[in-house]
Amino acid sequence: MIGCNHKSRVIHNVDVNNQKVDYFTNNGFGNAVAIVQHPAGVYHKGITYVAYQGPLEDPYVASYNHTTKEWKGPFKAGVSQMGKNPNRKKKIDNHGKPAILIDDADYIHIAFGGHGGTPEDGKNPLGNHHYGKNLHAVSKKPLDISEWETLDNISLFGTYSQFVKMDNGDIYLFYRHGAHRSDWVYQKSIDNGVTFKAPVSFLKHKRRTNIEAEDSWYPWVSKGNGDDIIVAFDYHICRDNKNTQDARGHIPERHNVYYMVFNTKTGVWKNVKNESLKMPLTKETADKKTLVSAIPDDWTFQGITDVDPNGNPHVCILVGPDVGEDRSGPKRMQHFRWDGEVWLKSKNKALPRGNGDIDVKSSKEVSIYLESETSEGIGEISRWDSFNGGMSFKKGTVFLRRNNASFVISTLIDNPHPDARIIVGEKESGTDYRKMYLLGDNGAIKRSKSEAEILKY
Ligand code: ZN
């Protein structure tokens with residue numbers, strides 16, 4: 001250390017040998033994480049495990065040990081049927097990104113790769129076809145992400161996989177059983193994912209009689225209190241492509257926001273007023289019994305929900321004007337809270353536009369984790385806190401901020417360590433690859449550059 005009284009020089013030398021970056025890998029691909037396929041991460045026994053879509057749309061898993069500060073991976077955990085055909089019109093399908101779960105025997109599971117299957121896979125008994133194959137892969141050893149085995153024990157017609165593990169270890173895999181015109185179902189496993197029972201429909205796709213369209217749904221499923229699974233959902237009017245009533249034909253038009261609860265102990269589905277629901281739920285029953293708010297003119301996207309300790313739900317949905325053929329129109333998160341008698345709609349306008357997840361601590365205390373972008377092009381991942389039940393939100397922690405950037409964001413990591421709450425991918429112009437970040441109360445968890453830079457681009 002002779003002559004090292006110049007502090008900056010010392011730091012420079014250290015940097016050269018062990019330069020740290022704030023992303024853990026640069027091989028995220030496309031919409032590498034999203035709110036719908038979830039959870040994308042889980043904290044378990046001192047380690048955070050994260051899953052995301054990597055090159056060729058294959059699922060990747062990495063882990064971070066909060067005690068030793070060591071990263072492992074990313075490892076490829078399976079091979080997707082999608083992402084391999086360069087001549088396909090839609091270059092990146094994005095529907096098959098992985099959801100992750102750790103069972104009670106410490107094996108790690110992912111579900112990935114599906115977008116409805118194809119006619120070559122046979123008739124879809126609960127809907128229609130599109131692409132890919134929904135697959136289930138399990139780590140070969142407990143808590144070891146380096147080797148995986150793909151099993152043939154879930155329906156390959158699935159897409160938008162969502163995992164929930166109950167306190168007794170039962171595993172529920174929720175997904176849409178095909179393309180738009182398909183039921184939403186769950187499959188249950190009571191043996192740590194070795195076998196799954198047959199799919200059970202809970203949201204019904206159905207031909208409309210008055211318009212040239214079918215009823216279609218986008219639920220988001222999460223663990224509630226005790227034995228409950230809670231569901232926030234919106235409605236997609238799936239118009240026929242050749243449509244005499246609407247010249248636009250099929251568009252990703254979604255409306256309304258709904259909420260219901262599944263008691264996994266009794267097997268009974270109920271609305272927020274504790275009234276039983278006949279399953280699978282139809283549009284008619286949904287409108288009558290489960291509506292949080294009718295949103296007939298604006299378009300909706302991506303509901304999320306959480307409950308307070310008394311079981312009263314908060315529900316958020318992205319809302320914005322119909323801006324034509326894609327969903328990229330400006331949408332802002334709208335918050336609702338059930339006060340025991342009615343749904344209260346937040347009047348707050350402070351929340352920036354963007355997608356994210358909700359964490360409810362009490363009827364009064366609620367936080368929203370958001371990706372957003374300022375008009376100056378500054379991308380940000382931040383938490384917005386409310387102490388009055390969502391009537392107003394104030395900006396709290398900023399986890400990540402970048403000039404000329406925008407992000408894709410995961411849901412909150414399951415059972416998160418405070419240092420690792422969400423996973424985000426940074427969209428960069430000129431490439432489909434994404435730098436991936438693991439963010440918590442101290443910002444991004446860093447990694448050595450040589451480890452994080454897997455790809456050169
Ligand atoms: Zn549709």
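In each ligand, atom 1 is the first atom listed, and ligand 1 is the first ligand listed. What's counted below: heavy atoms across the whole structure, side chains too, no hydrogens, waters or symmetry copies. What you are looking at is a predicted structure, and each value in this text was computed from that prediction instead of being measured.
When the options Phe202, Tyr160, Trp217, Trp184 are evaluated for a ring pair (Phe, Tyr, Trp, His ring centres under 6.0 Å) with Phe174, the one that passes is Phe202.
For a distance threshold of 2.8 Å, the protein N, O or S atoms nearer than that to the Zn ion (ligand 1), listed by chain and number, are His180 ND1, His236 NE2, Cys238 SG, His250 NE2.
Without hydrogens or angle criteria, Asn31 side chain to Val33 main chain gives no donor-acceptor distance under 3.5 Å.
Between Glu371 and Val424, every side-chain heavy-atom pair lies at or beyond the 4.5 Å cut-off.
Residues Ser363 and Asn312 have side chains that never bring a donor and an acceptor to within less than 3.5 angstrom of each other. Side chain to side chain, Asn415 and His44 fail the donor-acceptor criterion of an N or O pair below 3.5 Å. Looking at Tyr258 and Asn271, their side chains never bring a donor and an acceptor atom within 3.5 Å of each other.
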